[in-house]
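First comes the structure, then the notes that go with it.
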Amino acid sequence: MTSFFTDLAQQYVDGEWRPGKGSWDIIDFNPYSGEKLASITVATADEVDQAYRAAERTQPDWADTNPYARRAVLEKALRVVEEREDEIGEAIVAELGGTRLKAGFELHLAKEFLREAAQLTLRSTGQILPSPTEGKENRVYRLPVGVVGVISPFNFPFLLSLKSVAPALALGNAVVLKPHQNTPICGGTLIAKVFEEAGLPAGLLNVVVTDIAEIGDSLLEHPVPQVISFTGSDRIGRHVARVCAAQLKRAVLELGGNSALIVLDDADVDYAVDAAVFSRYIHQGQVCMAANRILVDRAVEQEFTEKFVAKVASLQVGDPADPATHIGPLISSSQADAVSKLVDETVAAGATALLHGRAEGNVVSPSVLTGLAADAPVLQQEIFGPVALLVPFDGEDEAVRIANDTPYGLSGAVHTGNIERGVRVGQRIRTGMIHINDGTVHDEPIVPFGGEKNSGLGRLNGESMLEAFTTQKWISVQHGRSQFPF
């Protein structure tokens, strides 16, 4: 596995693998063992410029390439992933501390998104629209935006990089990708290797492994990219939005969440417990769609709480390479410290810890907190860690009020014995996605994915990819003669 990482520990610019020219290195660590996986010299702002210029130079020919030929490259990329699936899964376990279950989940979705991207090549269709002017024909063309900048996160780096990179390429664009510093291989250079092996022409996909400390805002401010696709925290997302607005660029922002999973009084409690445990603790809670807050009707609060705590206590914590492990490490020691501190502060402020997780290295065991004050700060924030907040309520109206009492609006779930009741409750919650009698963590290739409020701008997946990565051009044709007033 070590050679896998060292072979990919370079920049990928204009079809060439080369070391960065910065003055310092990003060290890629295994968050569980602390093993050094790779060292990558950062790219400079000049190398970011080279990447964008390569993308700009090669994109017009790619846009003119027959869409069936573009589809063939995407299909080959899928075959590469399938052929190297075991190796990629091992890399996900090693680089980001994903469990075997999580690695399988991420790879399954990545393949589904590649399949959808391959089909997207044939869906960039135009229209002919009528005109009130006699003899005029209105043609509306859908064209690539040109060059797309993609900034991806550390939690699902392979999937979430591909999720923007693959459709952007499929639609005739070129891409410059900057992965998160904690996952430069799975979220960055591995993607480049997949498309290189798939036969993507050089220069169309460039990967720069770097940091804002080295390049500032050059990735955002550069004049070449017309769209920036960012997935990450709302704090950084706001900065991306401000810079893009000043440059009159389109920003597609998939940001954080503070999702509520609601258990109504007629819910199947055992099933709701299973959904809630998965929704809160998948990948150690480092998921934007995770159920931060679990809202339970007082009529079933005691039964739900007892069963929930028992199930959480049974989760196996430790080495993500062990197939039996449910809870592996957080991405870094700073994240582990922050989560532990948050739990301690919340308990000190009066909350009751039904389970009080402890940190061993970067591994933090699960916490379950209840008895929170209505104005507890922890209820308003995204917790990127294995911490569940149980909040009781009386009736639907209070559940909706509590669920909406957050600056975020990404995902959510409602559990009930009456599906239409669940839909009615879901319609009242201001969130981009909500799931009836299911978990909060879902992503599918053809449904619009995105959030409201501080959870982002725009949508991805399916037809939304056309809105994200193409533009429209109106060309009118006058077959007769227009009459002019002078």
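Quantities reported herein were computed from a predicted structural model and do not represent experimental measurements.
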Inset, instruction - With sequence neighbours left out, write down each residue that passes ring pair (Phe, Tyr, Trp, His ring centres under 6.0 Å) with Y12, or none if nothing qualifies. - result: W17
Legend entry - Pairing residues for F449 by the ring pair (Phe, Tyr, Trp, His ring centres under 6.0 Å) criterion, not counting sequence neighbours: none
Legend entry - For the student: nearest non-hydrogen atoms of C288 and N155, plus distance: N-ND2, 4.1 Å
Inset, instruction - Look at E116 together with R123 and state whether they make a salt bridge at an N to O cut-off of under 4.0 Å. - result: yes
Inset, instruction - Go through the steps to decide whether R401 and E398 satisfy the test salt bridge (Lys or Arg N to Asp or Glu O under 4.0 Å), and finish with yes or no. - result: CA-CA 5 Å; R401 180 187 62 75; E398 187 176 19; 3.6 Å; yes
Inset, instruction - Could you check if a side-chain atom of I228 sits within less than 4.5 angstrom of a side-chain atom of V252, using non-hydrogen atoms only? - result: no
Inset, instruction - Any ring pair (Phe, Tyr, Trp, His ring centres under 6.0 Å) involving residues 394-416? Give me the pairs, sequence neighbours left out, ordered by first then second residue. - result: Y271-H415
Legend entry - Polar side chain donor-acceptor pair, N292 to R280, under 3.5 angstrom: yes
Legend entry - Residue list, ring pair (Phe, Tyr, Trp, His ring centres under 6.0 Å) with H435, at least two apart or on another chain: H442
Inset, instruction - Mind jotting down which residue pairs meet the side chain to side chain donor-acceptor pair (under 3.5 Å) criterion with at least one end in residues 329-340? Sequence neighbours excluded, please. - result: S332-S334
Legend entry - Point-to-point distance, once rounded to the nearest 0.5 Å, from CG of D397 to CD1 of I402: 11.0 Å
Inset, instruction - Indicate yes or no: does R298 engage D265 in a salt bridge with an N to O separation below 4.0 Å. - result: no
Legend entry - Those residues that, when tested against E197, pass salt bridge (charged side-chain N to carboxylate O under 4.0 Å, His left out) (two or more places apart): R84
Inset, instruction - For the pair T431 (side chain) and G412 (backbone), establish whether a donor and an acceptor sit closer than 3.5 Å, ignoring hydrogens and angles. - result: no
Legend entry - Separation of I151 CD1 from L253 CG (nearest 0.5 Å): 9.5 Å
Legend entry - Side chain T231, main chain S152, donor-acceptor under 3.5 Å: no
Inset, instruction - Please check if any side-chain donor atom of T416 sits under 3.5 Å from a side-chain acceptor atom of D266, or the reverse. - result: yes
Inset, instruction - Give a yes or no answer on whether the side chain of S411 reaches the backbone of T440 with a donor-acceptor pair at less than 3.5 Å. - result: yes
Inset, instruction - Keeping the roles fixed (side chain from T210, backbone from A43), state whether a donor-acceptor pair exists under 3.5 Å. - result: yes
In a table with atom names and distances, give each donor-acceptor pair under 3.5 Å that connects a side chain of residues 379-391 to protein atoms at least two apart or in another chain.
residue: Q380; atom: NE2; partner: D405; partner atom: O; Å: 2.9
residue: E382; atom: OE2; partner: G257; partner atom: N; Å: 3.0

Legend entry - Salt bridge R424-E420, side-chain N to carboxylate O under 4.0 Å: no
Inset, instruction - For K311, check salt bridge (charged side-chain N to carboxylate O under 4.0 Å, His left out) against everything at least two apart and list the hits. - result: D274
Inset, instruction - Answer yes when E452 and R459 have at least one side-chain N-carboxylate O distance shorter than 4.0 Å, and no when they do not. - result: yes
Inset, instruction - Kindly give the heavy-atom pair with the smallest separation between G34 and F29, and that separation in Å. - result: O-CD2, 3.4 Å
Inset, instruction - Indicate yes or no for a side-chain donor-acceptor contact from Q284 to the backbone of P329 under 3.5 Å, with no hydrogens or angles considered. - result: yes
Inset, instruction - Give the minimum heavy-atom separation between P179 and V207, together with the two atoms involved. - result: CD-CG1, 4.0 Å
Inset, instruction - Could you check L255, L220, L219, L457 and say which one makes a side-chain contact (heavy atoms from CB on, under 4.5 Å) with V240? - result: L220
Legend entry - Backbone of G237 reached by a side-chain donor or acceptor of D234 within 3.5 Å: no
Inset, instruction - Not counting sequence neighbours, which residues clear side-chain hydrogen bond (donor to acceptor under 3.5 Å, both in side chains) with D322? List them please. - result: Q316
Inset, instruction - Would you tell me whether D25 and S39 have side-chain atoms, one donor and one acceptor, within less than 3.5 Å of each other? - result: yes
Legend entry - D297 side chain vs V263 backbone, donor-acceptor pair below 3.5 Å: no
Legend entry - Short side-chain to backbone donor-acceptor contact, S161 and F158, under 3.5 Å: no
Inset, instruction - May I ask you to decide whether E303 forms a salt bridge with K307, counting only side-chain N to carboxylate O separations under 4.0 Å? - result: yes
Inset, instruction - Under the side-chain hydrogen bond (donor to acceptor under 3.5 Å, both in side chains) rule, collect the residues that match up with Q181, sequence neighbours excluded. - result: D211
Legend entry - Nearest-0.5 Å distance, CE of residue M289 to CG of residue N258: 14.5 Å
Legend entry - Nearest heavy-atom neighbours spanning A468 and L460: CB-CD2, 4.1 Å
Legend entry - Salt bridge present between K163 and D443 (N-O < 4.0 angstrom): yes
Inset, instruction - Looking only at non-hydrogen atoms, find the nearest pair between P366 and I327 and report the distance. - result: CG-CG1, 4.2 Å
Inset, instruction - Give, for atom OG1 of T99 and atom CZ of F105, the distance between the pair rounded to the nearest 0.5 Å. - result: 10.5 Å
Inset, instruction - For the pair Q286 (side chain) and F156 (backbone), establish whether a donor and an acceptor sit closer than 3.5 Å, ignoring hydrogens and angles. - result: no
Inset, instruction - Of all the heavy-atom pairs spanning G256 and S455, show the shortest one and how long it is. - result: O-OG, 2.6 Å
Legend entry - F304: ring pair (Phe, Tyr, Trp, His ring centres under 6.0 Å) partners, not counting sequence neighbours: F308
Inset, instruction - Starting at CG of L101, measure out to CD of E106 and round the result to the nearest 0.5 Å. - result: 12.0 Å
Legend entry - Salt bridge present between E75 and R115 (N-O < 4.0 angstrom): no
Legend entry - Partner residues of R250 under the salt bridge (charged side-chain N to carboxylate O under 4.0 Å, His left out) criterion, sequence neighbours left out: none
Inset, instruction - Would you mind telling me which of L96, D319, V93 makes a side-chain contact (heavy atoms from CB on, under 4.5 Å) with Y32? - result: D319
Legend entry - Any donor-acceptor N/O pair, S365 side chain to G357 backbone, under 3.5 Å: no
